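From a predicted model like this one, the values you see are computed outputs, not experimental measurements. Whatever order the structure lists them in is the order used to number ligands and atoms, beginning at 1.
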Amino acid sequence: MTGVSTVLLAIAYEQEWAAVKSVLSDEYGYRVLIASTAKKALKLTEEANIDLVICEAYLEGKSALNVLQQCRVTCPNAMRILVKEQNGDDKKDHEAAERAAIYQFIRKPIDVEQVGMVVKRALETAELSRRHRLISRELKLNDDSPVFASKPNGRVSADCSNFEKLVYVSEPMAKLCNIAKQAAGTDLPILIQGETGTGKELMARAIHFNSNRTGSPLIVQNCGGISDEMLHSELFGHMRGAFPGAISDRLGLFRAADGGTVFLDEISEISPAFQVSLLRLVQEGEVKPLGSDHVYHCDVRIICASNRRLSEMVSKGEFRQDLYFRLKGFELVVPPLRDRRDDIAVLAEFFTQKYTELTNVKLLGISNNVLERLQHHPYPGNVRELENEIQRMVALASDGEYITSRHMSEEFLAIIPNPALDDTHPNLAIAGDTLKEKVESLEKHLVKEALGRLRWNQSKVAKELGLSRVGLANKIKRYQLANTS
Ligand SMILES: Nc1ncnc2c1ncn2[C@@H]1O[C@H](COP(=O)(O)OP(=O)(O)OP(=O)(O)O)[C@@H](O)[C@H]1O
Ligand SMILES: [Mg+2]
């Protein structure tokens with residue numbers, strides 16, 4: 001993954017870091033994001049693709065080490081640097097830093113040159129370990145290990161791309177993200193359509209963080225399941241007394257986000273009256289709070305998302321055509337996961353890494369069988385469904401194991417793309433009377449089946465069955481198995 005590196009500064013006082021910020025941006029060309037509270041910092045790690053986090057030990061007078069710990073889940077590849085107070089509690093800091101697996105300490109007072117150097121080195125280390133991961137994967141693939149070995153073209157792509165938090169490798173997503181990156185550079189409204197769980201919100205956030213509005217807020221409002229009056233008051237604001245319960249003036253999100261981006265989710269759900277108000281905002285930048293005669297101006301970029309096709313709603317007379325045309329300055333349609341199956345393997349790997357990171361469990365990877373099943377699932381819930389399945393499997397797997405069909409949910413097990421791969425319901429008559437004989441009969445069958453399928457490549461078979469090569473050779477001898485092909 002290439003491009004400008006993003007550094008997140010989770011710091012109490014921005015002035016104290018002004019020199020660091022300008023040195024990083026000017027000399028090294030990094031993108032620098034700033035958060036002054038733990039909550040804001042965590043939100044940024046969930047929304048933007050962060051390469052390095054510099055976090056002060058205390059924010060708002062409280063320990064902020066949970067930010068670094070949480071980063072292990074929200075941005076597992078980001079390097080983590082802790083800034084210690086001059087007279088901080090070293091023992092406590094060390095323990096917490098251990099849990100957060102930080103890369104380095106920096107101690108106050110801040111030495112700008114030292115920070116620049118540490119950041120540079122940390123990012124070099126990150127790049128080296130990224131390359132190492134890629135090479136290891138390549139080697140594993142050449143060795144035709146169980147992981148990814150069953151991809152139709154025999155290998156997974158050497159690298160995957162990302163647009164902030166969106167991970168992809170498929171052609172349709174590459175094309176879409178290229179358009180989205182271009183759209184981000186303009187100020188036009190953007191309409192993102194696609195089925196549930198395809199990544200529409202992630203796309204909206206990526207666009208905001210790649211626009212020139214990054215330094216201003218991104219505000220998200222879901223337009224579904226909320227009354228018209230409430231929605232109006234949330235977004236456009238209201239004056240005290242505008243309706244029963246309006247006990248004080250409210251600014252409204254559009255004005256609060258002035259200079260930034262407002263993401264309106266489930267835009268298909270807004271009422272005809274709200275459509276008129278929104279049209280006025282998009283056309284003229286005008287905001288009229290409920291109960292006010294005054295019209296305010298604000299400069300926000302609107303990004304909308306919808307599961308329903310707005311064009312169809314327009315033709316049925318359910319959505320204003322003029323508003324639809326205004327909203328789709330750019331129209332991005334995120335394809336369902338079943339139409340971009342190339343993304344499944346990289347997403348599965350990405351989510352496995354994400355969920356193993358926190359638990360400290362070292363997994364060997366995803367078995368062939370599981371990957372095959374993942375690739376054939378219909379995914380009505382799209383990427384969200386894949387993510388949930390991986391999260392569940394990682395939770396069930398133990399240290400040193402591959403994720404296998406044993407860890408899969410019933411729903412995914414129901415998909416059996418290739419009966420030869422079905423290791424859950426072996427459809428065979430088990431010979432023998434005693435338990436020992438039955439177990440041996442089953443074992444013989446499984447070893448024979450794996451040998452046949454993997455063309456007697458004993459190192460592959462041993463790996464797949466979790467045996468040593470000697471262990472496998474003993475079983476071949478014991479069951480008098482022979483290569484007849
Ligand atoms: N390409 C991707 N790379 C990494 N994670 C993804 C990708 N696409 C989706 N996800 C993850 O899948 C989940 C659903 O994504 P998101 O909320 O953006 O979907 P959505 O289209 O807005 O869904 P809905 O229509 O239900 O609101 C999130 O956890 C998100 O992080
Ligand atoms: Mg959404």
Within 45° cone of Y296 ring axis and under 6.0 Å: R255 NZ or CZ: yes
N-O pairing of E47 and K43 below 4.0 Å: yes
Residues in the immediate environment of ligand 1 (any heavy atom closer than 4.0 angstrom): K165, L166, V167, E195, T196, G197, T198, G199, K200, E201, L202, N307, L347, F350, F351, V383, R384, E387
Interatomic distance, I403 atom CD1 to T352 atom OG1 [nearest 0.5 angstrom]: 4.5 Å
Ring centers of F263, H208 separated by less than 6.0 Å: no
Close side-chain approach of K165 to E46, heavy-atom, < 4.5 Å: no
Salt bridge present between R384 and E387 (N-O < 4.0 angstrom): no
